[in-house]
Amino acid sequence: MTSHRKYLRRGAFTLGAVTAGGYLTDYAFNLGLTRFLSAHEYGDFRVAYAFAFFCGLAVLLGGDRAAPMVLAPALERREGLRVWMYLRFYLRNALILAAGIAAVTWTLALLHVGSADPENHHPMAWVVIAIPLNAAAAMVSRTLQSARRPAWAALPWRIGLPVLQLALFGLWIIGWGALHIEAAVILSIFATAWIALAQWLWVRRLGLVEIGPATEIRQSRQWLAQSLPMMGSFLVALALNQSDLYFLEVLGEENEVGHYAAATTAAHLLILVQTTIVGLIAPLAKPAMEEGPQASQAIFRQGQGWMLRLLIPFALLLALAAGPVLGLFGAEYRDAEAALVLLVVGTFGWALAALPSLWLQYEGRAGTVLAISASTLLADSILNLLLIPRFGMNGAAVGTAVTLTLAGGALLILQRRSHSAHLGNSASR
């Protein structure tokens, strides 16, 4: 436990840097995009990259979700070959599945179907190239996270990527005078590839991976048994966070997609706090559980305490300053002020349930978490269908606020009951 405390104290600086610096750079990146692209093109860009991000994690079959459970103990024992076997297995599968998604998308593009039609100037046909890159980036980042190097895992993506993208956009504009959406997508893919390669070279330099033959098929099956339920829970949760944009694209007014995307960018501060704290705590969760319920609860309470101390002030700031925050994008984006306040409410409840969800999954209850997440997605989709045609983006935000708050509360209650049960079992032995 002493080493855990030292790690968490060192991680406090990373937490602050990633939360503040990452949010500011992401905000600057989105502000830059709204200056370079029209509201319509900005909305298309966000929808396309949400698709690439979702698929990039889907093709990993949950390997990134389960990585701390497998890689953290292996890295402590300096089992570099085992780490390589894990990475190789999931990245090979990801490449095959990404090729299949690309083939389907490009076939639709050739047939001029929907958003994949290149004549609609939608970047969907281009952005599929980013899917295997996003998968590789996630696995390399998880390796560093499992090795308890949160700064190297998070900062290159939270700060480095948006800064590099903006720099490339600026150079493009200097050279060609204007930034079109296709160029923005291609430059973003290049930036992702560059940072993923830099992180991989750092992993190799640290000696975290020993490249060699990987032949343990039985071990691979065990990994899949652990990762697939976790993948399901995460992808449903990710779809829940992104589904509003897709529904607005189909059911709402075109300009509202860009306005709502700006509101989600602002509310993303709470998700950034959530993912940063989870990233710090995840490598400690499984070892703490193996020590016993008391050690597990001590780590959980410390992480949940940080979550509350950061989420509450940031949520209040965003809710009270919703108008000025959105006004930075442009006067027309202030139309999404009410939507931002509602998104803050829902995102707060969902972020607060992140660690309870992690604990439940590590305790073997990923199926329960998946059921709650899937029910939430279904309810949110029904509300989107009912509310968006009448109320537009505010209808989407209402549905999200209601469903995320209820789901977050359910996960908190379930984890509390689970912990009480474990304490009771431990006391009876």
Side-chain angles (χ1 to χ4, degrees), residues 33 37 41-65 67 86-143 157 161 164-165 168-169 172 179-200 214 220 223-224 227-228 230-232 234-239 241-243 245-247 249-250 257 261:
L33 271 182
L37 303 174
E41 286 186 318
Y42 174 65
D44 284 349
F45 183 92
R46 288 294 303 270
V47 168
Y49 249 75
F51 167 77
F53 182 72
F54 181 90
C55 291
L57 298 180
V59 297
L60 285 172
L61 303 178
D64 60 317
R65 300 290 98 192
Y86 188 87
L87 296 177
R88 179 180 180 273
F89 172 72
Y90 281 102
L91 288 176
R92 180 185 59 192
N93 291 335
L95 186 61
I96 295 170
L97 293 173
I101 294 173
V104 171
T105 304
W106 289 334
T107 300
L108 293 175
L110 290 172
L111 296 175
H112 303 284
V113 176
S115 295
D117 186 354
E119 292 185 1
N120 290 335
H121 300 288
H122 199 289
M124 198 71 76
W126 289 99
V127 82
V128 292
I129 302 172
I131 293 175
L133 288 175
N134 288 341
M139 292 303 292
V140 175
S141 183
R142 285 288 185 172
T143 303
W157 299 108
L161 180 61
L164 180 56
Q165 286 173 312
L168 292 173
F169 294 164
W172 182 274
L179 181 71
H180 300 292
I181 191 168
E182 292 86 356
V185 168
I186 293 171
L187 292 173
S188 296
I189 292 172
F190 175 81
T192 300
W194 193 90
I195 292 180
L197 177 60
Q199 273 197 319
W200 172 248
S220 302
W223 291 336
L224 280 175
S227 67
L228 283 173
M230 297 179 71
M231 177 199 71
F234 176 73
L235 290 182
V236 170
L238 186 60
N241 289 330
Q242 297 178 347
S243 63
L245 286 174
Y246 296 122
F247 276 101
E249 179 90 0
V250 176
V257 179

From Arg65 atom CZ to Leu60 atom CG, the distance as rounded to the nearest 0.5 Å: 9.5 Å
field: Aromatic ring pairing Trp223/Phe89, orientation class (parallel under 30°, perpendicular over 60°, tilted between)
entry: tilted
message: Around atom CH2 of Trp194, are there more than 12 heavy atoms from other residues, nucleotides or ligands closer than 6.0 Å?
response: no
task: Specify the closest pair of heavy atoms between Asp64 and Arg142, including all atoms of both residues, with the distance to one decimal.
output: O-NE, 3.2 Å
- request: Would you indicate whether the side-chain heavy atoms of Trp157 and Thr192 approach each other to under 4.5 Å?
  value: yes
query: So do Val59 and Asn93 actually touch side chain to side chain, heavy atoms under 4.5 Å?
result: no
field: Closest heavy-atom pair and its distance - Ala67, Tyr86
entry: N-OH, 3.3 Å
Tyr90 side, atom OH; Leu97 side, atom CG - distance, nearest 0.5 Å: 12.5 Å
message: Would Ile186 and Trp172 count as a side-chain contact (heavy atoms from CB on, under 4.5 Å) here? Give the steps.
response: CA-CA 11 Å; Ile186 293 171; Trp172 182 274; over 6 Å; no
- request: Provide the closest heavy-atom pair for Ala135 versus Leu91 in the form atom of the first, atom of the second, distance.
  value: O-CD2, 4.0 Å
- prompt: To the nearest 0.5 Å, what is the distance between CG (Leu168) and CD1 (Ile189)?
  reply: 12.5 Å
field: Interatomic spacing from CG in Leu133 to CD1 in Ile195 - rounded to 0.5 Å
entry: 11.5 Å
Contact summary for Gln165 and Ala191, nearest pair of heavy atoms: CG-CB, 3.9 Å
field: Shortest non-hydrogen contact between Gly63 and Met139, atoms and distance
entry: C-SD, 3.8 Å
task: Please name the pair of heavy atoms, one in Pro132 and one in Leu95, separated by the smallest distance, quoted to 0.1 Å.
output: CB-CD1, 4.3 Å
message: As an exercise, state the distance from CG of Leu87 to OG1 of Thr143, rounded to the nearest 0.5 Å.
response: 4.0 Å
task: Determine whether Phe51 and Ile131 make a side-chain contact, defined as any pair of heavy atoms from C-beta on separated by less than 4.5 Å.
output: yes
- prompt: Just wondering, are more than 12 heavy atoms of other shown residues or ligands nearer than 6.0 Å to CZ in Phe190?
  reply: no
- request: Kindly compute the distance separating CD1 (Ile101) from CH2 (Trp106), expressed to the nearest 0.5 Å.
  value: 11.5 Å
